[in-house]
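Residue numbers start from 1 in every chain, and the chains themselves are labelled A, B, ... in the order their sequence lines are given, proteins ahead of strands.
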Protein chains: 2
Amino acid sequence: MKLSTKGRYGVKAMLDLAIHNSEGHISLKSIAERQDLSENYLEQLFATLRKAGIVKSIRGAQGGYTLAQSPENITVGSILRALEGSLAPVECVTESEPTQCERSGACVTKLIWERIRDRVNEVVDSITLEDLVDQYRKLNTKDEFIYYI
Amino acid sequence: MKLSTKGRYGVKAMLDLAIHNSEGHISLKSIAERQDLSENYLEQLFATLRKAGIVKSIRGAQGGYTLAQSPENITVGSILRALEGSLAPVECVTESEPTQCERSGACVTKLIWERIRDRVNEVVDSITLEDLVDQYRKLNTKDEFIYYI
DNA sequence: CTTAATTCCAAGTATATTACTAGACATTAT
DNA sequence: ATAATGTCTAGTAATATACTTGGAATTAAG
């Protein structure tokens, strides 16, 4: 039941981007350096995020990425689902195209997996990038800048 | 964020065992046949469940397994955590021995992972084998026996 | 116009994990 | 004595993860 690095790095990188959102285009290189992540690997994650309409890119020198929507409209859930796929704990309760077994109509354990799926989605869909930026600013006051993400 | 087959098969097999709990010792062979699982693989899962004190075994011919506690005292959470380890979505918020990074004291994303962990635990700890057996009996009335798990 | 900085794209790869299988041994009811 | 079980350890094929590599396309700045 672990998230992969895609989800973890993705949220971290998106929070970094949100924190610097007012500064124009942000390069992956700068995000990778600040967050100590592989730039090449981040490229793949941001390709996915771009296709999901969560970030916008500008190519060329001085190019980079910006949020495609304002931070209060980007949820952790949308980031995680873009990068990880459905957060359902088993295939058969995936929201979109569940691959149902022949017993799915009256499966007892399925009820457990659905409840887990729904609670997880509730949590991640209730937290926006704005919430995280606010938390970040509370923890990182200007006089003791420590940059925790 | 997927469960492995350990967790899925484990809950399935434990529900099967709970359903047949009144019939004495249940062999892995019979569980494997009814649930269409590998008997050898189930052995490994039940070795773990036995060490966790969730099932008891009787060796020799006509031996098998029984629940170590009554069904209302065995939660899905205890089964899943025995087989999968912590259900936390990332290592750093594992309940017992979290491997903390140097930033953990004031990490923003950590708050997300803790909330997911807590909601998942709430769900699985609130569902007992008795609940599942009840559900099962409702879905599988005697006159239309279909044995869905 | 050239260069450097960037995104974009497609493959390749080492490592780890998963989901088993295989086989030998120990125990016990019949 | 035998057959039916659980117990234990090791091996293994397939898959997924977490990247790396290399090159092409784009564009701001000098």
Side-chain angles (χ1 to χ4, degrees), chain A residues 1-13 17 20 23-68 80 83-86 89-91 99, chain B residues 1-13 17 20 23-68 80 83-86 89-91 99:
Chain A
M1 278 283 284
K2 292 283 176 284
L3 286 172
S4 72
T5 54
K6 288 183 191 172
R8 284 192 286 128
Y9 295 0
V11 171
K12 249 188 147 184
L17 183 57
H20 296 90
E23 300 167 20
H25 316 135
I26 309 296
S27 70
L28 288 188
K29 192 176 182 222
S30 68
I31 296 177
E33 274 169 8
R34 281 190 297 262
Q35 302 306 326
D36 194 25
L37 301 171
S38 151
E39 183 184 349
N40 286 328
Y41 193 40
L42 272 188
E43 271 181 24
Q44 295 178 24
L45 307 190
F46 273 73
T48 304
L49 293 169
R50 187 172 54 81
K51 284 164 196 158
I54 297 176
V55 298
K56 282 186 298 195
S57 65
I58 294 91
R59 301 180 69 165
Q62 303 307 111
Y65 288 90
T66 56
L67 301 180
L80 288 178
L83 294 168
E84 300 259 346
S86 167
V90 308
E91 278 289 344
T99 52
Chain B
M1 279 283 284
K2 292 282 177 285
L3 286 173
S4 72
T5 53
K6 287 183 190 172
R8 284 193 285 128
Y9 295 179
V11 171
K12 250 187 147 184
L17 184 57
H20 296 89
E23 299 167 20
H25 316 135
I26 309 297
S27 69
L28 287 188
K29 191 173 182 224
S30 67
I31 296 177
E33 275 169 7
R34 281 189 297 262
Q35 302 304 326
D36 194 25
L37 301 171
S38 150
E39 183 185 349
N40 285 329
Y41 193 40
L42 273 189
E43 272 179 25
Q44 296 178 23
L45 307 190
F46 273 73
T48 304
L49 293 170
R50 186 172 54 81
K51 283 164 196 158
I54 297 176
V55 297
K56 282 185 297 194
S57 64
I58 293 92
R59 301 180 69 165
Q62 303 308 109
Y65 288 90
T66 56
L67 301 180
L80 288 178
L83 294 169
E84 300 258 345
S86 168
V90 307
E91 278 289 344
T99 52

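In terms of phosphate contacts, B:Ser57 brings a side-chain nitrogen or oxygen within less than 4.0 Å of OP1 or OP2 of D:dT7. The side chain of A:Thr5 contributes an N or O atom lying less than 4.0 Å from OP1 or OP2 of D:dA18. Within the structure, every side-chain polar atom (N or O) of A:Ser27 is placed at least 4.0 Å from both OP1 and OP2 of C:dA5.
Nearest nucleotide to the B:Ser38 side chain, out of D:dA18, C:dT21, C:dT7: C:dT21. With C:dA5, D:dA18, D:dT7 as the candidates, the nucleotide lying closest to the side chain of A:Gln62 is C:dA5. Nearest to the side-chain atoms of B:Tyr9 among the listed nucleotides C:dC20, D:dT21, C:dC8 stands C:dC20. Distances from the side chain of A:Ala61 to the nucleotides D:dG6, C:dT6, C:dA4 place C:dA4 closest.
Following rounding to the nearest Å, B:Leu45 (CG) and D:dG6 (C1') show an atom-to-atom distance of 14 Å. Between the C1' atom of D:dA16 and the CD atom of A:Glu84 lies a distance of 12 Å, rounded to the nearest Å. To the nearest angstrom, P of D:dA18 lies 19 Å from CD of A:Glu39. Taking atom NZ of B:Lys6 as the reference point, atom P of C:dC20 lies 11 Å away to the nearest angstrom. Residue B:Leu42 contributes atom CG, which lies 17 Å from atom P of D:dC8 at whole-angstrom precision. Straight-line distance from the CE atom of A:Met1 to the C1' atom of C:dT17: 17 Å, rounded to whole Å. To the nearest angstrom, C1' of C:dT18 lies 14 Å from CG of B:Leu83. For the pair B:Ile58 CD1 and D:dA4 C1', the interatomic distance rounds to 14 Å; values are reported in whole Å.
Applying the 3.5 Å distance criterion, the base of D:dT20 shares a donor-acceptor pair with the side chain of A:Gln44. For a distance-only test at 3.5 Å, the side chain of A:Arg59 fails to qualify as a donor-acceptor partner of the base of D:dT26.
Rounded to the nearest 0.5 Å, atoms CD1 (B:Ile26) and OG1 (B:Thr66) are 9.0 Å apart. Atom CG of B:Leu28 and atom CD of B:Glu43 lie 6.5 Å apart (nearest 0.5 Å).
The minimum heavy-atom distance between B:Ser57 and B:Arg50, with the atom names listed, is OG-CD, 3.3 Å. Contact between A:Gly53 and A:Ala68 at its shortest, heavy atoms only, is O-CB, 3.3 Å.
A:Tyr65 comes within 4.0 angstrom of the backbone, heavy atoms only, and of no base.
DNA chain C is contacted by both A:Glu43 and A:Gly60; A:Gly60 maps to the nucleotide lying nearer its 5′ end (nearest heavy atom per residue).
Two residues are said to be in side-chain contact when any heavy atoms from C-beta on lie closer than 4.5 Å; B:Leu17 and B:Phe46 meet this criterion.
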